[in-house]
Each structure stands twice: as C-alpha cells, then as structure tokens.
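Please read the structure below before turning to the comments.
We count ligands from 1, going down the list as the structure has it; atoms in each ligand are counted the same way. In this chain, residues are counted from 1 in sequence order. Computed over heavy atoms, backbone and side chain alike; hydrogens, waters and symmetry mates excluded.
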Amino acid sequence: MRVTVDDIRAKKSTQPIVMVTAYDFPTARIVDEGGVDIILVGDTLAEVVLGYQETLAATMDTMVHHVGAVARARPRALVVGDLPWMSFHVSVPETVVNAARLIRAGADVVKLEGGKKRLPMVRAILDAEIPVMGHLGLTPQSVHVTGGYKVQGKTENAIHTLIDDAKALANEGCFALVLECIPEPVAKTITNSIAIPTIGIGSGSGCDGQVLVFHDLTGYGEDLSTKYVRRYASLKGEAVAAVGRYAADVRERRFPTKNEAYRLPKGITLPDLAPGGRTRQ
Ligand code: KIV
C-alpha cells in the first residue's frame, strides 16, 4: 500500500515521520527500500546533482525531469515535487499549471516555500485537488533577500512571524510543513501550536519528523560539515576507491579476465587480417 497524505497527517505527535530527498530512479529505489515515509524531489538537486551554487538554478523542466525519474521507481513512499523558484511567484494561474506539471510527472503532492504571502497560491493549488506541503524558516529560494543561509527565527519579531505563517499555512489546508534551520524551542512551539505535522531540518528534535538530503546523509556528495547533518555512510569515498581499483586493474591488465569476455561459437574462424586491417590475399 502506498503512503498517503492521510497516513502522514495521522503520524502527528504519534510516530516520527521520515523524509529523504531523491532525484533519480536508483536513489528512489534505495530510499524506498530503506523505509522512508516521504521522498522529496527537492530543488536541492540543482546543487547536489547539477553542481550549481544555489537552488535558484532549478527550473520547472529540471524538476519535471527528475520527478519523472523518481516516480518511475514506483516507490511506496509519498513523492513530493518541489516547486522551484519563479514557478509560483508570477501569478496564481501559472502556479496551478506548474503544480499540475509536477503531478503529471508523477509527484503525489507539491511543496512550496514561504509564508502568508503565498496563501493565494496555496489555496489555488488545493482547489485543483493537489495537496500542498509548506516550507518555512530558512527558505533557500529567498537567499538574496535574507542575505545568506542563516538560522532563522532568532528575534521575537521573527518568531512571531514564523508562528503566524505556520498557523496560516495550516489553516489554509497544507497537510505538512517543513521547518528549516530554526532554533529547537521555536520549532517545538510551532509544532505544538498547529494541527499538521512539522518536518524539521536543522530545527531540532521537537518536530513531528525529520528530513535530510540523501547526498548528505550517505556521504555521496562534496564534504559539507553542517551541524545538523548526521552522516551514516561514506559513499563518495567508497566509489572513489572502487574506481581507483578498476583503473589499476585495467592498467595492470588484470581486467578483463577470460571469464569476463565472450567466446566465439565452435567452428567459427576469424578473417586473417594483415597489420592495418586489410584481409590478406
Ligand atoms: O529542496 C530540498 O531538498 C529541501 C529540503 C532541504 C527540505 O527543501
């Protein structure tokens, strides 16, 4: 049975929700077999997969391409398609069309960054029967106005704004809310003051669930020593070592062996070629 939006809602305050990003078919299979509840095809793919410095580089076409790859893995987990920068900023109708593109590509629901000022977009997407996940706190698509990747919600004003935004998104009908990089007590207060689950990243243990980027938790990406990331493997190190052993085997003529090559059927003889490839007369 596939995970549904109702399953996620029902976990509020009872069972921690596990969300991990994936951007392609094999990774979707891995995280699904690992037992996650939600796969987020996040716009972080611009950074960790495509090598850009910011998530702002992700376009609708990029997101559709990667959502499709993840959906083709037919995961049990709920698939969240992230609406990239400028896909929900121009107009409400354009927002709905873009949300629908992610659903047609295979997402079950969409996520968008921002608070109260995005309520008309959230309402319109919900009216199109598409469930919405909100995202507050550090919202990387706003990096140029926030002045960098900083912990949010550190002043009383900022805390009140976050709480108001969270309540507004929950009342509007979002089914869950990502809280990125906000102090643990603030995340806990928000979690306790809304009826929908919160999923934290860098926001401490008081949230209803946690999300990490696949490349960070598996050590597959570039080294990134962020306080809130726990690394469970060193995939990049293992992959570099594997490629190194393969290169050495090729150079030392240890690969391939006879068992790793195809033979000719009995009775077939090869043409007798002169040096340079011409058939001998
Ligand atoms: O795009 C993304 O991967 C995200 C997570 C970091 C929450 O938004």
Flag the pair Arg2 and Asp32 as a salt bridge only when some basic side-chain nitrogen lies within less than 4.0 angstrom of an acidic carboxylate oxygen. no
Just wondering, are more than 12 heavy atoms of other shown residues or ligands nearer than 6.0 Å to OH in Tyr149? yes
Just heavy atoms, cut-off under 4.0 Å: does Thr55 contact ligand 1 by side chain, backbone, both, or neither? neither
Near Thr21 (heavy-atom distance under 4.0 Å), the atoms of ligand 1 are 3 (O)
Contact between Met19 and ligand 1, counting heavy atoms under 4.0 Å? no
Describe, in one word, how the ring planes of Tyr246 and Phe255 are oriented to each other, choosing from parallel (under 30°), tilted (30 to 60°) and perpendicular (over 60°). perpendicular
Can you list the atoms of ligand 1 that are under 4.0 Å from a heavy atom of Gly42? 1 (O), 2 (C), 3 (O)
Minimum-distance protein heavy atom relative to atom 3 (O) of ligand 1: Thr44 OG1, 2.6 Å
I want to know if ligand 1 touches Glu180 in the polar sense, i.e. an N/O pair below 3.5 angstrom. no
For the 3.5 Å polar cut-off, considering only N or O atoms, please tell me whether Lys111 and ligand 1 meet it. yes
Please determine if Tyr23 has a nitrogen or oxygen closer than 3.5 Å to a nitrogen or oxygen of ligand 1. no
Is ligand 1 under 4.0 Å from a heavy atom in the side chain of Asp43, in the backbone, in both, or in neither? both
Return the residue, atom name and 0.1 Å-rounded distance of the protein heavy atom closest to atom 4 (C) of ligand 1. Leu40 CD2, 3.5 Å
Lys116 with Asp165: basic N within carboxylate O range, under 4.0 Å: no
Any idea which protein heavy atom is nearest atom 6 (C) of ligand 1, and the distance to it? Ile201 CD1, 3.8 Å
Test of understanding: given a 4.0 Å heavy-atom threshold, classify the contact between His135 and ligand 1 as side chain, backbone, both, or neither. side chain
Value for CZ (Arg9) from CG (Asp7), rounded to nearest 0.5 Å, stands at 10.5 Å
